[in-house]
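The structure under discussion appears below in the form of structure tokens.
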Amino acid sequence: MNAIRSAGQGGDDSFVLVANTPGFVEQLGFLMPERDIEAAFPRQGSHWRLATTAQGECTFLGREGCLLDRSVRPIYCRLFPLWQFQGQLTWFTAAECLANEECGSLAAMIEAMNTSRTEVRGLFSEMCSKLGLEPDAKVKS
């Protein structure tokens with residue numbers, strides 16, 4: 001939030017505080033089965049996220065993709081559509097992702113996103129750390 005505000009690319013209405021709903025916690029648990037989601041996002045708690053339009057699109061999404069400079073994007077946004085699932089790199093096949101129309105493999109997606117496997121793994125690790133999502137010692141990945 002602070003990086004976006006400091007860059008003059010968003011105001012107070014660019015972020016919303018939302019409840020940690022059961023659906024949110026469940027979905028994160030599915031996406032990160034080796035992480036202790038409920039410890040980081042207790043069901044009675046809340047978290048900040050980027051605001052969306054009435055159609056559910058990020059307020060920073062333009063016709064050509066994200067309007068924010070890559071250096072100030074939240075880590076999740078720098079990762080998207082790439083992800084790490086149970087130690088393996090993969091990507092989301094969201095219809096709204098422009099790169100999905102062009103990329104048929106992980107290597108093509110990484111190249112299209114102008115990144116590397118090492119950077120994706122590093123960003124994923126940094127995101128988890130900042131969210132308090134350290135690997136759960138009880139879960140084998």
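Basis for what follows: all heavy atoms, side chains included, without hydrogens, waters or symmetry-related copies.
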Is [Y] close to [X] at the side-chain level, that is, under 4.5 Å between some pair of heavy atoms?
{"X": "R35", "Y": "L131", "answer": "no"}
{"X": "P33", "Y": "F85", "answer": "yes"}
{"X": "S105", "Y": "I110", "answer": "no"}

Return the minimal non-hydrogen interatomic distance between [X] and [Y], and the atom names on each side.
{"X": "M113", "Y": "A99", "value": "SD-CB, 4.1 Å"}
{"X": "A108", "Y": "G104", "value": "CB-N, 4.4 Å"}
{"X": "C66", "Y": "L61", "value": "N-CD1, 4.2 Å"}
{"X": "L50", "Y": "P74", "value": "CD1-CG, 4.0 Å"}
{"X": "W91", "Y": "C103", "value": "CZ2-O, 4.4 Å"}

Problem set entry | Short side-chain to backbone donor-acceptor contact, N20 and Q44, under 3.5 Å |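 Checking the backbone N and O of Q44 against the side chain of N20, no donor-acceptor pair under 3.5 Å is found.
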Exercise. Can any side-chain N or O of R117 pair as donor or acceptor with the backbone N or O of A107 at less than 3.5 Å?
Worked result: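 No; judged by distance alone, with no hydrogens or angles, the pair does not exist.
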Exercise. When you look at CD of E26, are more than 12 heavy atoms from neighbouring residues, nucleotides or ligands closer to it than 6.0 Å?
Worked result: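 Atom CD in E26 is not packed in, count stays at 12 or less.
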Please tell me whether [X] and [Y] are part of a single hydrophobic cluster in this structure, the criterion being side-chain heavy atoms less than 4.5 Å apart.
{"X": "L67", "Y": "I75", "result": "no"}
{"X": "W48", "Y": "F60", "result": "yes"}
{"X": "L133", "Y": "L82", "result": "yes"}
{"X": "F15", "Y": "M127", "result": "no"}
{"X": "L123", "Y": "L68", "result": "no"}

Exercise. How are the rings of F80 and F92 set to each other: parallel, tilted or perpendicular (split at 30° and 60°)?
Worked result: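 Rings of F80 and F92: parallel, under 30°.
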Exercise. Do the rings of Y76 and W83 sit parallel, tilted or perpendicular, given the 30° and 60° boundaries?
Worked result: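 Perpendicular: the ring planes of Y76 and W83 meet at over 60°.
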Spatial distance of atom [atom1] ([X]) from atom [atom2] ([Y]) [nearest 0.5 Å]:
{"X": "E119", "Y": "L79", "atom1": "CD", "atom2": "CG", "answer": "8.5 Å"}
{"X": "S129", "Y": "F124", "atom1": "OG", "atom2": "CZ", "answer": "12.0 Å"}
{"X": "L28", "Y": "I37", "atom1": "CG", "atom2": "CD1", "answer": "5.0 Å"}
{"X": "R78", "Y": "R70", "atom1": "CZ", "atom2": "CZ", "answer": "7.0 Å"}
{"X": "R49", "Y": "S14", "atom1": "CZ", "atom2": "OG", "answer": "12.0 Å"}
{"X": "R121", "Y": "Q84", "atom1": "CZ", "atom2": "CD", "answer": "5.0 Å"}

For this session: Can you sort out the partners of E57 under side-chain hydrogen bond (donor to acceptor under 3.5 Å, both in side chains), two or more places apart, ordered by chain and number?
Result: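 Listed in chain order: nothing, the list is empty.
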